[in-house]
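Contents: one structure, followed by commentary.
When a residue number appears, it is its place in the shown sequence, counting from 1. Whatever order the structure lists ligands and atoms in, that order sets their numbers, starting from 1. The analysis underlying the following values was restricted to heavy atoms, covering all of them including side chains, and did not include hydrogens, waters or symmetry mates.
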Amino acid sequence: MPARLVVLVSGAGTNLQALLDATADEAYGATVVAVGADRDGIEGLARAERAGVPTFVHRVKDHPDRAAWDLALADSVAEHEPDLVISAGFMKLVGPDFLARFEGRFLNTHPALSPSFPGMHGPADALAYGVKVTGCTLFVVDDGVDTGPIVAQAAVEVRDDDDVDTLHERIKVAERALLVDTVGRIAREGFTIEDRRVRIGHE
Ligand code: GAR
């Protein structure tokens, strides 16, 4: 049975698209069973719909408080019985209920080389700091901001003429490849987390 992926998005969804494209091949070992979002009208949801994948949306403002939103999001994800939940450009931090339910199987892709530049502005922060190499990080989500155990990373050169957009676009090329490759290997081979060390294929 292919591994069941629920993907969470907030925007363009190019990382989601890379997963959708990869899962078209049965040998990949995983399938996207649902896509969730925190807002309507985004290209990420349209990509899911075009692929015939069910979607759900929970906007924070439609719930009495953040905890209720978190619970509703977790319930919708759980309905699809995921083996892995993947935050791919999902611009919200989830709360304790969500983390407890999907502990150890909730991954996030971040556009910087952790532990540098956590948060919402990874490419801009790397550019402002003046680093010459940045990249992307796939990690297991914990209760910090981009602090969880690292599953995979890829380095990306910062060029003298980069602005935030050109740098982020180059990071995203590396990010999509890393996400597809790593999620596929996890789906086919499993993974273990021991303290902070993640190993694929050691189950
Ligand atoms: C990706 O670069 C992802 O790492 C980033 O948003 C982009 C989404 O692109 N996420 C964060 O910055 C979260 N802190 P996409 O919608 O085209 O996949």
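- Heavy-atom contacts of N15 reach the following atoms of ligand 1: 1 (C), 9 (O), 15 (P), 18 (O) (cutoff under 4.0 Å).
- A salt bridge links R50 to E43: at least one charged side-chain nitrogen sits closer than 4.0 Å to a carboxylate oxygen.
- Close approach of ligand 1 to A12 (heavy-atom distance below 4.0 Å) involves ligand atoms 16 (O), 17 (O).
- A salt bridge links E157 with R159: the distance from a Lys NZ or Arg NE/NH1/NH2 to an Asp or Glu carboxylate oxygen falls below 4.0 Å.
- Once rounded to the nearest 0.5 Å, the distance linking NE2 of H58 with CG of L71 reads 10.0 Å.
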### Query
Taking it one step at a time, do L107 and S87 satisfy side-chain contact (heavy atoms from CB on, under 4.5 Å)?
CA-CA 6 Å; L107 307 181; S87 167; over 6 Å; no

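- Under a 4.0 Å heavy-atom criterion, T109 is in contact with ligand 1.
- Among H121, H168, E169, the residue whose heavy atom lies nearest to atom 7 (C) of ligand 1 is H168.
- Contact analysis puts G119 in contact with ligand 1, with a non-hydrogen atom separation below 4.0 angstrom.
- Salt bridge present: D38 and K92 bring a charged side-chain N and a carboxylate O closer than 4.0 Å.
- For atom 9 (O) of ligand 1, the closest heavy atom belonging to the protein is K172 NZ, 3.1 Å.
- Checked by distance only, ligand 1 and E175 come closer than 3.5 Å through their nitrogen or oxygen atoms.
- Within the structure, the closest approach of G13 to ligand 1 falls below 4.0 Å when heavy atoms are considered.
- By the 3.5 Å distance cut-off applied to N or O atoms, L16 is not counted among the residues near ligand 1.
- For atom 11 (C) of ligand 1, the nearest protein heavy atom (residue, atom name, distance) is M91 CE, 3.5 Å.
- Ligand 1 has no nitrogen or oxygen under 3.5 angstrom from a nitrogen or oxygen of N108.
- The two residues L113 and C136 come nearest to each other via the heavy atoms CD2-O, 3.8 Å.
- Listed by number with element, the atoms of ligand 1 under 4.0 angstrom from any heavy atom of G89 are 6 (O), 8 (C), 10 (N).
- Across all non-hydrogen atoms, the minimal contact from I200 to F191 is CA-CB, 4.0 Å.
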### Message
V85 vs L8, test: side-chain contact (heavy atoms from CB on, under 4.5 Å). Steps then yes/no.
### Response
CA-CA 8 Å; V85 183; L8 301 178; 4.2 Å; yes

